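Values below: every heavy atom of this structure, side chains too, minus hydrogens, waters and symmetry copies. All of these numbers come straight from a predicted model, not from anything done at the bench.
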Amino acid sequence: QLQLVESGGGLVQPGGSLKLSCSTTGFGLDYYSVGWFRQAPGKEREGVSCINSSSENINYADSVKGRFTVSRDPAKNTVYLQMNSLNVEDTGVYYCAADPFSTCGPWGLGPNEYEYWGQGTQVTVSS
């Protein structure tokens, strides 16, 4: 059973940056595609970014393109989401998810692509 743990959330002012991490206990992430999702209060969960196991396929939601960067470090068994130029609309609980069969293809930002989910980390952008 793959268990995912997110970290790095917090309170940041508009225009600021945060770097989220997604790591595992037990099994490694080497053969999994990983997606990042967020959910704001009263809104549906939306896909933010994904990266496949080889880092060859990477996708971003239009709302974060040019501001967010996803990457993975196999040596540390961790996937990162670097978030820059944050605005209040980026506020929400951020989740990472993983699946061995997802390819981060055209449906890679859909939550149904992923079987394993972390508990989430809160990101609040406020002045």
Side-chain angles (χ1 to χ4, degrees):
Q1 183 77 9
L2 190 69
Q3 293 183 333
L4 303 174
V5 179
E6 303 95 338
S7 61
L11 173 65
V12 63
Q13 292 185 340
S17 298
L18 284 174
K19 187 174 185 178
L20 305 183
S21 299
C22 175
S23 59
T24 67
T25 58
F27 297 104
L29 280 174
D30 290 0
Y31 302 106
Y32 292 78
S33 287
V34 174
W36 284 98
F37 296 80
R38 66 186 180 189
Q39 189 164 20
K43 294 187 177 181
E44 293 186 355
R45 190 171 298 189
E46 65 168 333
V48 174
S49 181
C50 66
I51 183 169
N52 77 334
S53 57
S54 65
S55 300
E56 291 180 350
N57 291 347
I58 291 176
N59 283 313
Y60 298 98
D62 288 343
S63 58
V64 305
K65 281 181 181 177
R67 301 188 298 122
F68 290 13
T69 303
V70 65
S71 63
R72 62 194 307 157
D73 185 342
K76 295 184 177 180
N77 201 32
T78 301
V79 174
Y80 302 99
L81 185 67
Q82 176 68 47
M83 306 186 296
N84 299 328
S85 301
L86 286 162
N87 56 58
V88 295
E89 289 76 27
D90 296 316
T91 294
V93 179
Y94 282 69
Y95 302 88
C96 68
D99 195 280
F101 300 109
S102 173
T103 61
C104 186
W107 309 108
L109 296 183
N112 292 335
E113 287 283 294
Y114 301 90
E115 179 176 359
Y116 302 100
W117 290 80
Q119 293 300 307
T121 184
Q122 177 70 44
V123 171
T124 303
V125 184
S126 175
S127 56

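No side-chain heavy atom of Leu4 sits under 4.5 Å from any side-chain heavy atom of Tyr95. Residues Val34 and Arg72 have side chains in contact (heavy-atom distance under 4.5 Å, counting atoms from C-beta outward). The shortest distance between side-chain heavy atoms of Tyr80 and Thr69 does not fall below 4.5 Å. Within the 4.5 Å cutoff, side-chain heavy atoms of Ser126 are placed close to those of Leu11. For the pair Ser33 and Asn52, the minimum side-chain heavy-atom distance is below 4.5 Å. Between Val48 and Met83, every side-chain heavy-atom pair lies at or beyond the 4.5 Å cut-off. Counting heavy atoms from C-beta on, the side chains of Ser17 and Gln82 come closer than 4.5 Å. A 4.5 Å side-chain heavy-atom check between Arg38 and Ser63 finds at least one atom pair inside the cut-off.
Contact between Ser49 and Asn59 at its shortest, heavy atoms only, is OG-O, 2.9 Å. Looking at every heavy atom in both residues, Thr78 comes nearest to Ser23 through OG1-CB, 3.8 Å. When all heavy atoms of Lys65 and Tyr60 are compared, the pair lying nearest together is CE-O, 3.4 Å. Across Leu20 and Gly9, no two heavy atoms sit closer than the pair CD2-N, 3.6 Å.
Counting only distance, with no hydrogens or angles, the side chain of Gln119 and the backbone of Val5 share no donor-acceptor pair below 3.5 Å. Thr91 contributes a side-chain N or O that, together with a main-chain N or O of Val125, makes up a donor-acceptor pair within less than 3.5 Å.
Ring orientation note: the planes of Tyr116 and Tyr32 are nearly perpendicular, at an angle over 60° on the 30°/60° scale. Between Phe37 and Trp117, the two ring planes are tilted [angle within 30° to 60°].
Interatomic distance, CG of Leu81 versus SG of Cys50, reported as 11.5 Å (0.5 Å rounding).
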